[in-house]
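Worth knowing before you read on, the calculation uses all heavy atoms, side chains too, and leaves out hydrogens, waters and symmetry mates. Because the structure is predicted, anything quoted here is derived from the model rather than measured. Chain letters run A, B, ... following the sequence lines, proteins first and then strands; every chain starts at 1.
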Amino acid sequence: MLDIRFIRDNAGQVKAAAAAKKAPVDVEALLDMDRDRRRIIQEVEQLKASRNQASRDVARLKAQDGPEREGKLGLSAALITREIGDKIRKLDGELRTIEEKLEQALLAVPNVADPSVPEGNDETGNVVDRTIGDENVFDFTPRPHWELGEKLGIIDFERGVKVSGTRFYMLRGAGARLQRALIAWMLDVHTRERGYSEVYPPYIVTGKCLVGTGQLPKFADNLYHDAEEDLWLIPTAEVPVTNMYRDEVLEANDLTLKHVAYTPCFRREKMSAGKDTRGIKRGHQFDKVELVKFCLPEKSNEELEILVEDACSIPRKLGLRYRVVRLCTGDLTFASMKTYDVEVWSPGCKEWLEVSSCSNFGDFQARRANIRFRRDPKARPEYLHTLNGSGLALPRTLIAVLENYQNPDGTVAVPEALRPYMGMDVIR
RNA sequence: GGAAGCGUGGCCGAGUGGUCGAAGGCGGCGGUCUUGAAAACCGCAGUGCCGCAAGGCACCAGGGGUUCGAAUCCUCUCGCUUCCGCCA
């Protein structure tokens, strides 16, 4: 959420950012509501001040003159203040209404891009920052993972669909084990080498959390939720982990705070038929190891660069070819100020797979979730900055491993780093 | 899920409907004293909003209500504790 005061002072910038993100935002309407709101506040607070004064008068007279005069004095004061009270009640009602409307409207305003983000309309405007690693040379035609998976009996598409419908699959045997190995290994890398502290969060959260990170109210369509209660399946660990510190004031000394969490992710998205239909690239349920950071406002862009490197350490250690893409203004998500995607090359599908999306949210989420810090014990609380990125998303990492490490006979070598976790060298 | 009790400032803990933003204690900060520290004593200390400012308003889990006036009375919601039931 943006500060209404920021919007007041930077209306043009906010309009431009909303247009770039294709979010219909009526900035003028916001400013009108803000003006009305402040007018009513001034009016009602003046009335409250006079009511308080009258109340104090009654109290004082009663104390001075004793109970015998209470009737007279009390009555005259009562006549005045009852009228004021009615007005106050009426104005308070108006104020509540307009504040709710303004709040709802503000929750629909997207974050403003950082100045370093390239201009652009859509993903074609993204900029490849760097590509690391060489393309694997195969002396045979590499197979896509769905062929490998079925041949090896480690991905069972039919039974996943039988149990849960389209876009679900089951991993079996070495496939399930490979995913588990990747999860355990990635958690170990981030905790042991990158300084993250591991968290096991709930996979179901209240709506408030989703408002905090920015999925609600705008993107309810993409979420699974309990029909009777305000409980929602998480679309990413970002939601519970960022909201851990909701309504808290942290100490500056504890920043930057870094957490890593493994969770499944649930996304309802009504995906266009025919897009990414083959394989396990896109489903309603997938696993992900997520990195979340809380830091000082002036450090967040620096922290973003480090976060990207933390994510990149995984494909690097796996010996996968990867690249870092800088998203343009038009491809940024609703809450993001600046985002880098990390993509790995999959020779079977012949495409770059997005395995991580690392974003700096500035104080956008911190404001929504009310996460603050104190520079020193006497200072006023300030909003901190939040960041997160995948480290990494499992199915796509699994795809890249299968396709890059495949042998001519359809077996798959286990990457060196994973062998201790897999207990085997080759999946056959 | 049922019953009972409880939710006050960073923490503990008072608070007969009327100058209560709230006693007292601990902790914190700044002094005095001390070679230094401790102790003792004195003082300062919440958050948000409106306002150029002076200042004002709000906040005693959260919402609604009664009242001229609510931390205090009523009501609903949430959370915690204990007992019972159920359960991996």
When Watson-Crick pairs (N1 to N3 and N6-O4 or O6-N4) and G-U wobble pairs (N1-O2 and O6-N3) count only below 3.5 Å on both distances, what is the dot-bracket string of RNA chain B, with | for other-strand pairs?
((((((((.[[[..)..(.....]]].(((((.......))))).(((((....))))).[[[[[..)....]]]]])))))))....
Taking 4.0 Å as the cut-off, does a side-chain nitrogen or oxygen of A/R372 come that near to OP1 or OP2 on B/G46?
no
Please output the side-chain donor-acceptor pairs of residues 217-227 of chain A that fall under 3.5 Å, not counting sequence neighbours, one pair per line with the distance.
| residue | atom | partner | partner atom | Å |
| --- | --- | --- | --- | --- |
| A/D221 | OD2 | A/K270 | NZ | 3.3 |
| A/Y224 | OH | A/H284 | ND1 | 3.4 |
| A/D226 | OD1 | A/E228 | N | 2.7 |
| A/D226 | OD1 | A/E229 | N | 2.7 |

I'd like to know whether A/E238 forms a side-chain hydrogen bond (donor to acceptor under 3.5 Å, both in side chains) with A/T213, so could you lay out the CA-CA distance, the side-chain angles of the two residues, the decisive distance to 0.1 Å, and finally the verdict.
CA-CA 8 Å; A/E238 159 192 357; A/T213 32; 4.9 Å; no
Could you tell me whether the phosphate oxygens of B/G69, OP1 or OP2, come under 4.0 Å of any side-chain nitrogen or oxygen in A/N52?
no
Show the distances under 3.5 angstrom between N or O atoms of the protein and N or O atoms of nucleotides 71-79 of chain B.
none

Please write out the pairs of protein N or O atoms and N or O atoms of nucleotides 50-55 of chain B separated by less than 3.5 Å, giving the distance to one decimal.
| residue | atom | partner | partner atom | Å |
| --- | --- | --- | --- | --- |
| B/C50 | OP1 | A/R37 | NH2 | 2.9 |
| B/C50 | O2' | A/Q42 | NE2 | 3.4 |
| B/G51 | OP1 | A/R38 | NH1 | 2.8 |

Ion pair check, A/R192 and A/E198, cut-off under 4.0 Å:
no
Is the shortest side-chain N to carboxylate O distance from A/K281 to A/E354 below 4.0 Å?
no
Please list each protein N or O that sits under 3.5 Å from an N or O in nucleotides 63-65 of chain B, with the distance.
| residue | atom | partner | partner atom | Å |
| --- | --- | --- | --- | --- |
| B/G64 | OP1 | A/R96 | NE | 3.2 |

Partners meeting salt bridge (charged side-chain N to carboxylate O under 4.0 Å, His left out) with A/E150 (sequence neighbours left out)
none
According to a strict under-4.0 Å criterion, is A/N370 in side-chain N/O contact with OP1 or OP2 of B/U47?
no
Between A/E83 and A/K87, does at least one N-O distance fall below 4.0 Å, as a salt bridge requires?
no
Salt bridge between A/R38 and A/D34, side-chain N to carboxylate O under 4.0 Å?
yes
Are any of the side-chain nitrogens in A/K22 or A/D122 under 4.0 Å away from the carboxylate oxygens of its partner?
no
Would you say the ring centroid of A/F364 lies under 6.0 angstrom from that of A/F334?
yes
